[in-house]
Protein chains: 2
Amino acid sequence: MPAAVSRPLSTQAGFPDRHTTLGAALRHAYDALSEHTYAELAAAGFADIRPAHRVVFRHLAPEGSRIIDLARAGDLTKQSMAYLIAGLEESGYVALESDPEDGRAKRVRLTPRGEAAMEILLKTSRAVERRLDRRLGAGTSSTLKQTLGSVAALLQPPAPAGD
Amino acid sequence: MPAAVSRPLSTQAGFPDRHTTLGAALRHAYDALSEHTYAELAAAGFADIRPAHRVVFRHLAPEGSRIIDLARAGDLTKQSMAYLIAGLEESGYVALESDPEDGRAKRVRLTPRGEAAMEILLKTSRAVERRLDRRLGAGTSSTLKQTLGSVAALLQPPAPAGD
DNA sequence: CGATATAGGTCAGATAATCTGTCTTTATGA
DNA sequence: TCATAAAGACAGATTATCTGACCTATATCG
């Protein structure tokens, strides 16, 4: 008797607490937010920005940044960052100019199109927080962010001492 | 004047709110938790479980699961899931047995080693939540999970109507 | 009961996003 | 001025995805 109804594994018995962990909750919220953000970005005409590109928008300084600085900020190698930048340059989100202060370096800078995408990202983020506050009460998103900060702080230090 | 001190881009001016968004907070917390979890796993002798493998541990039923069900639960193709399972089988975390109820199917099941890894995952998760409650007050992790659930719920529906 | 459709799984090949290693050019500093 | 370091480019490998084609076992239906 195959075609066994394909029951959702998530609700099966055994390892009962596996889907109610903090990790699962964080992942679901983050995934939902990510999907929402991409949908907004795509709806605004920026469908060619892929998940990996976000690390660039996260750290690019308005005056332009060097590839190596972006790589450090995003915690990946300069080669990987260069690869991402090349993609964004090809699709017109950033432009590369040589750094007047250092002949070895280039500066990555947002184009107007890149700035428009950045606007959408920030706008979407603000809108989600507003919706959350409207739904669960003013201050919810602020409190949530603070608690999340504590979670990160709790785990960041590589176990400083004892325990 | 190169070697420009490699200032942390995160604190530069411009796009000032970019690093205080809900998304950034979620990402930091999730990343910190992930790293912590891998560190615990590695410390317990399971260093060969890679991030991609976690989708398997997330959904594998104790009685064993078919590849296709795991793929659906984890939202990837059966080919991708088969690839992950092959890696876990080779390193001894799961075993494949033919499904007595369906000649076409196989069942993926945790080996004792796989169950030991699962134990670590669950134990680590519980420990983090306990630490959080001790640090920020009993019920913190529970409330946090609930709020995160609301965030996911707020964003999950593909915009049902208007707005 | 046999033909055909469906479902589970595999194989082959492509792509994205990482990595390591090496090389060139430029800057820094002893 | 010369040795060293730093920024970036080029080449190649690996991991984790995907799509498409295919095989085989099972189910269904005439």
Side-chain angles (χ1 to χ4, degrees), chain A residues 1-7 9 31 34-35 38 47-59 61 64-91 94-109, chain B residues 1-7 9 31 34-35 38 47-59 61 64-91 94-109:
Chain A
M1 189 207 291
V5 165
S6 190
R7 38 236 152 127
L9 298 183
D31 286 354
S34 288
E35 268 191 43
Y38 287 121
D48 49 358
I49 295 180
R50 291 194 303 268
H53 293 136
R54 276 166 67 184
V55 72
V56 177
F57 285 91
R58 246 173 241 152
H59 300 291
S65 304
R66 294 177 306 162
I67 288 179
I68 188 92
D69 285 338
L70 290 172
R72 286 190 188 116
D75 195 32
L76 34 76
T77 62
K78 58 183 179 174
Q79 292 93 327
S80 297
M81 181 53 74
Y83 160 81
L84 295 174
I85 294 294
L88 287 175
E89 189 190 13
E90 182 161 320
S91 36
V94 302
L96 284 144
E97 40 191 69
S98 54
D99 189 326
E101 298 182 6
D102 187 336
R104 299 167 302 178
K106 289 177 179 176
R107 279 200 197 150
V108 184
R109 192 188 288 274
Chain B
M1 188 208 289
V5 163
S6 189
R7 36 237 153 123
L9 298 184
D31 286 355
S34 289
E35 268 191 43
Y38 287 121
D48 50 357
I49 295 180
R50 291 195 303 269
H53 293 136
R54 275 166 69 186
V55 71
V56 177
F57 285 91
R58 246 173 240 152
H59 299 291
S65 304
R66 293 177 305 163
I67 287 180
I68 189 111
D69 285 338
L70 289 172
R72 285 189 189 118
D75 195 31
L76 33 76
T77 61
K78 57 184 180 175
Q79 293 93 325
S80 297
M81 181 53 75
Y83 161 81
L84 294 174
I85 294 295
L88 287 175
E89 188 188 15
E90 182 161 320
S91 35
V94 302
L96 284 144
E97 41 192 66
S98 54
D99 189 328
E101 296 183 7
D102 186 338
R104 300 167 301 177
K106 291 178 179 175
R107 278 199 198 152
V108 185
R109 191 188 289 272

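Letters go in sequence order (proteins before strands), and every chain restarts at 1. Excluded from the calculations below are hydrogen atoms, water molecules and symmetry mates; all remaining heavy atoms, backbone and side chain alike, are included.
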Interatomic spacing from CG in B/Asp75 to CG in B/Leu70 - rounded to 0.5 Å:
13.0 Å

What integer distance in Å separates A/Leu88:CG from C/dA17:P?
10 Å

Within the 4.5 Å heavy-atom criterion, are A/Val55 and A/Met81 side-chain neighbours or not?
yes

As an exercise, state the distance from CD of B/Glu89 to CG of B/Leu96, rounded to the nearest 0.5 Å.
4.5 Å

Minimal non-hydrogen separation, A/Lys78 against A/Ile67, with atom names:
O-CG2, 3.8 Å

Of A/Ala52 and B/Ala105, whose closest DNA chain C nucleotide lies nearer the 5' terminus?
B/Ala105

Any A/Arg54 side-chain nitrogen or oxygen under 4.0 Å from OP1 or OP2 of C/dA17
no

Should we say atom CD of B/Glu90 is surrounded by more than 12 heavy atoms from elsewhere, each under 6.0 Å from it?
no

Would the base of C/dA27 count as contacting A/Arg104 through its side chain, where contact means a donor and an acceptor less than 3.5 Å apart?
no

How close do A/Arg50 and A/Tyr83 get, counting heavy atoms only, and between which atoms?
NH2-OH, 4.2 Å

Could you check which residues of residues 75-85 of chain B get a heavy atom under 4.0 Å from DNA chain D? Sort them by number, please.
B/Leu76, B/Thr77, B/Gln79, B/Ser80, B/Tyr83, B/Leu84

Please report how far the helix from C/dC1-D/dG30 to C/dA30-D/dT1 bends, comparing the axis fitted to its first five pairs with the axis fitted to its last five, to the nearest 10 degrees.
10°

Atom-to-atom span, CD1 of B/Ile67 to P of C/dC11 - whole angstrom:
11 Å

Which whole-number value in Å describes the distance from A/Arg66 CZ to C/dA27 P?
12 Å

Starting from P on D/dA7, measure out to CG on A/Leu96 and report it in whole angstrom.
16 Å

When the distance from CD1 of B/Ile68 to P of D/dT26 is rounded to whole Å, what number comes out?
16 Å

What is the distance, to the nearest angstrom, from the NE2 atom on B/His53 to the C1' atom on D/dT15?
9 Å

How many whole angstroms separate atom CD of B/Glu90 from atom P of D/dT15?
11 Å

Please lay out, stage by stage, how B/Arg107 and B/Glu101 fare under the test side-chain contact (heavy atoms from CB on, under 4.5 Å).
CA-CA 10 Å; B/Arg107 278 199 198 152; B/Glu101 296 183 7; 4.1 Å; yes

Rounded distance in Å - CG (B/Asp99) to P (D/dT24):
20 Å

Short side-chain N/O contact to C/dC19 OP1/OP2 from B/Arg50, under 4.0 Å
no

Return the minimal non-hydrogen interatomic distance between B/Ser65 and B/His59, and the atom names on each side.
OG-O, 4.1 Å

Scanning both residues in full, the closest heavy-atom pair of B/Ile85 with B/Val94 reads O-CG2, 4.0 Å

